[in-house]
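Report on one structure; see the data block that follows.
Worth saying up front: this structure is predicted, and the values here are computed from it rather than measured. Along the sequence shown, the residues carry numbers beginning at 1.
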Amino acid sequence: MIENLNALSFGHYGRVLKEADLSALEMLTAARPTIDIASAATTEPASAADNDLYSGTLSFAESNNIIYKVTGGSLLLDIIEGQAVLIVSKSEEMLDSQMFLLDKRAEIYEGVCLCIYAMFGTCQISVCHGEGVRLSELSPIDDAALLYRENLRLLPAIELKGINTLFYQEKDPGFYFKGEMHSFWELTYVDKESMNTNVDGVTYSLKKGDVIFYGPGQYHSQMAEHDVAVSFVTVTFDMDIQNPEIIQNKVFQISREQANLLDKVLYEREHSLFFSEDLIFCYLKELIITMIRADRLNISEVSLDSQLRLNIENHVADAAGEFILNNICSRIAVADIAAAVNVSSSYLSVMFKKRKGMTLIEFVNHHKLERSRQMIKDGKHNFTEISELLGFNSVHYFSRQFKNKYGLTPTDYERALR
């Protein structure tokens, strides 16, 4: 990718000229004739008499594959016409090269190798250097030139070219599809229940939340058990992908976020709003890329089953919290809360701490003390009555708990309200 030409990014190869440098350069070159450099390797000054700075122009095209090396001192470059990419390296083989947009005047240090490409058509570059400095032509590069040009822009590794079909299918128990083979890609996502699929003689089991890709030319069939009514999404599409083997012949378990992308695809398909087709392409491509990335980087995503379990735990924790708030003026035991939400005491204690960040007892005491503050503000009950109404063992225990939480005794808190 092309980098911005600045002091930080370019410092290894040269420097970007500042305004003071530009003024000095203009003064030096003002009285000297400009020459057209036909071959940089054989450039000679227009006049040898007291001429210590040479200037000229070089033309470059998109097809340029010449490497130059700066010898004998530093070299000044400036873009005159067109748009140019400056490729620089400390190696004559152009190893570890970097690309810069040549949009400023730059000084190239001695020993740096460079290659210049015109981004579009041709470009004109002004070249200035002192006596003895040469821009020497090295051997032309072959395949590397193509590689450089391909890296001038960001290009996609995956390109969706067209979506042929997009269906949500609900099948009767015992569903069986005898199979087919086609020239395009197919994605199958199991939304409910499970099924088996056979791809080129290999059987894969697909459960809820699983995705499989059938590649062009792969024979595949699908079937469900006699008592299973499976539902799934089928998308067929044309796609260019650099490494098709990274998605073929494997089952992906997708996350809730990735399943949401498929939901968005179906929504756009159903509603056909402005640019729905474009969004379908975007969502489908994002789904494919995030699946590949998670698989290649071994990212542990939250599965649909894990998401379902998380939803259940949140529901139970919320129900337990609601029961506590509704009975805050009673003496509440963990067993009472567990019975109210129909789970075991041990499970509730562990799960509640995980979901709410505090134990059940801490949650109960927090809300009892918060209610006691409101009751003190209301002024309708004394401390002993408040302690009894909220189910504390004694007024002394209530007072200690109150001071531990708020840093004041109930009496001090009441005085502070006056």
List, one per line, each side-chain donor-acceptor pair under 3.5 Å for residues 333-342, sequence neighbours excluded.
from, atom 1, to, atom 2, distance (Å)
Asp336, OD2, Ala333, N, 3.2

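A perpendicular orientation is assigned to the rings of Tyr68 and Phe60, their planes being inclined by more than 60° (bins at 30° and 60°). Between Phe352 and Phe363, the angle of the ring planes goes over 60°, which puts this pair in the perpendicular group of the 30/60° scheme. Using cut-offs of 30° and 60° on the angle between ring planes, the pair Phe213 and Trp185 is perpendicular.
Put simply, CE on Met239 and CD on Glu159 are 11.0 Å apart, with the number rounded to the nearest 0.5 Å. Atom NZ of residue Lys354 and atom CD of residue Glu313 lie 4.0 Å apart, to the nearest 0.5 angstrom. A distance of 5.0 Å separates CE in Met375 from CD1 in Ile386, rounded to the nearest 0.5 Å. Considering OH of Tyr214 and OG1 of Thr188, their distance stands at 4.0 Å, rounded to 0.5 Å. Atom CZ in Arg355 sits 12.5 Å away from atom CG in Leu348 (nearest 0.5 Å). Within the model, atoms CD of Gln218 and CG of Asp200 stand 5.0 Å from one another, a figure rounded to the nearest 0.5 Å.
Of the options Glu107, Lys90, Gln98, a side-chain hydrogen bond (donor to acceptor under 3.5 Å, both in side chains) to Tyr13 is made by Gln98 and by none of the others. Considering Ile163, Asn164, Leu187 in turn, Asn164 is the only one that fulfils the side-chain contact (heavy atoms from CB on, under 4.5 Å) rule with Thr236. Of the residues listed (Phe252, Tyr189, Tyr204), the one engaging Ile212 in a side-chain contact (heavy atoms from CB on, under 4.5 Å) is Tyr204, and it is the only one.
Considering only heavy atoms from C-beta on, Val16 stays 4.5 Å or farther from Phe100 through its side chain. Side-chain contact check for Ile292 versus Ile241: some heavy-atom pair is nearer than 4.5 Å. For the pair Lys285/Pro156, a side-chain contact is recorded, criterion being any heavy-atom separation below 4.5 Å from C-beta on. Side-chain contact between Ile108 and Leu86 is present, with heavy atoms from C-beta onward closer than 4.5 Å. Inter-residue side-chain proximity for His129 and Leu135 is flagged as unmet; no heavy-atom pair is nearer than 4.5 Å. Residues Val202 and Asn249 have side chains not in contact (no heavy-atom distance under 4.5 Å, counting atoms from C-beta outward). Counting only heavy atoms from C-beta outward, the side chains of Ser205 and Asn196 approach each other to under 4.5 Å. Between Ser74 and Val133 there is no side-chain heavy-atom pair separated by less than 4.5 Å.
Residues in residues 68-86 take part in these salt bridge (Lys or Arg N to Asp or Glu O under 4.0 Å) pairs, two or more places apart or across chains: Lys69-Glu92, Asp78-Arg105. Listed by first and then second residue, the side chain to side chain donor-acceptor pair (under 3.5 Å) pairs involving residues 262-273 are Glu268-Ser276 (not counting sequence neighbours). Each salt bridge (Lys or Arg N to Asp or Glu O under 4.0 Å) pair with one or both residues in residues 161-186, not counting sequence neighbours, appears once here: Lys161-Asp240. Within the structure, salt bridge (Lys or Arg N to Asp or Glu O under 4.0 Å) pairs that include any residue of residues 273-284 do not occur (at least two apart or interchain).
Not a single donor-acceptor pair under 3.5 Å links the side chain of Ser89 to the backbone N or O of Cys113. Under a 3.5 Å cut-off, the side chain of Asn404 and the backbone N or O of Arg400 do form a donor-acceptor pair. Under a 3.5 Å cut-off, the side chain of Ser126 and the backbone N or O of Leu77 do not form any donor-acceptor pair. Between the side chain of Ser9 and the backbone N or O of Leu5, no donor-acceptor pair lies under 3.5 Å. Remark: the backbone N or O of Pro216 is not paired with any side-chain donor or acceptor of Ser183 at under 3.5 angstrom. At least one donor-acceptor pair under 3.5 Å links the side chain of Lys368 to the backbone N or O of Leu390.
The environment of NZ in Lys104 is crowded: more than 12 heavy-atom neighbours from other residues, nucleotides or ligands sit within 6.0 Å. For Met181, the CE atom counts as loosely surrounded, since its 6.0 Å shell holds 12 or fewer non-hydrogen atoms of other residues, nucleotides or ligands. The environment of Glu370 atom CD is dense: over 12 non-hydrogen atoms of other residues, nucleotides or ligands sit within 6.0 angstrom. For Arg371, the CZ atom sits in a loose shell: 12 or fewer heavy atoms of surrounding residues, nucleotides or ligands are nearer than 6.0 Å. Counting heavy atoms of neighbouring residues, nucleotides and ligands inside a 6.0 Å radius, atom NE2 of His315 does not exceed 12 of them. When the shell of 6.0 Å around CD of Glu385 is examined, it contains more than 12 heavy atoms from other residues, nucleotides or ligands. Around atom NZ of Lys405, more than 12 heavy atoms belonging to other residues, nucleotides or ligands sit under 6.0 Å away.
Under the ring pair (Phe, Tyr, Trp, His ring centres under 6.0 Å) criterion, Phe323 pairs with no residue at all, not counting sequence neighbours. Shown here are the side-chain contact (heavy atoms from CB on, under 4.5 Å) partners of Gln242, two or more places apart in sequence or in another chain: Ala157. Qualifying side-chain contact (heavy atoms from CB on, under 4.5 Å) partners for Glu388, counting only residues two or more places apart in sequence or in other chains: Thr384. Qualifying ring pair (Phe, Tyr, Trp, His ring centres under 6.0 Å) partners for Tyr283, counting only residues two or more places apart in sequence or in other chains: none. Contacts of Tyr219 classified as ring pair (Phe, Tyr, Trp, His ring centres under 6.0 Å), with partners at least two apart in sequence or in another chain: none. Considering only residues two or more places apart in sequence or on other chains, Lys403 meets the side chain to side chain donor-acceptor pair (under 3.5 Å) condition with none of them. Residues passing the ring pair (Phe, Tyr, Trp, His ring centres under 6.0 Å) test with Phe184 are His182, sequence neighbours excluded.
Under the 4.0 Å criterion applied to side-chain N and carboxylate O atoms, Lys250 and Asp210 are not assigned as salt-bridge partners.
The six-membered or imidazole ring of Phe232 lies near that of Phe175, with a centre-to-centre distance under 6.0 Å.
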*Check the pair Leu206, Val211 against side chain to side chain contact (heavy atoms under 4.5 Å, CB included), reporting the backbone distance first and the verdict last.*
CA-CA 8 Å; Leu206 305 177; Val211 166; over 6 Å; no
_Chi angles and distances behind the side chain to side chain donor-acceptor pair (under 3.5 Å) call for Gln124, Ser59_ = CA-CA 5 Å; Gln124 295 286 325; Ser59 296; 2.5 Å; yes
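Scanning all heavy atoms of the two residues, the minimum distance from Leu101 to Ile2 falls at N-CG2, 3.3 Å. Nearest heavy-atom pair across Phe177 and His220 is CE2-O, 4.1 Å. Nearest approach of Cys115 to Ile66, heavy atoms of both residues: SG-O, 3.2 Å.
Donor-acceptor pairing under 3.5 Å is lacking for the side chains of Ser399 and Thr409.
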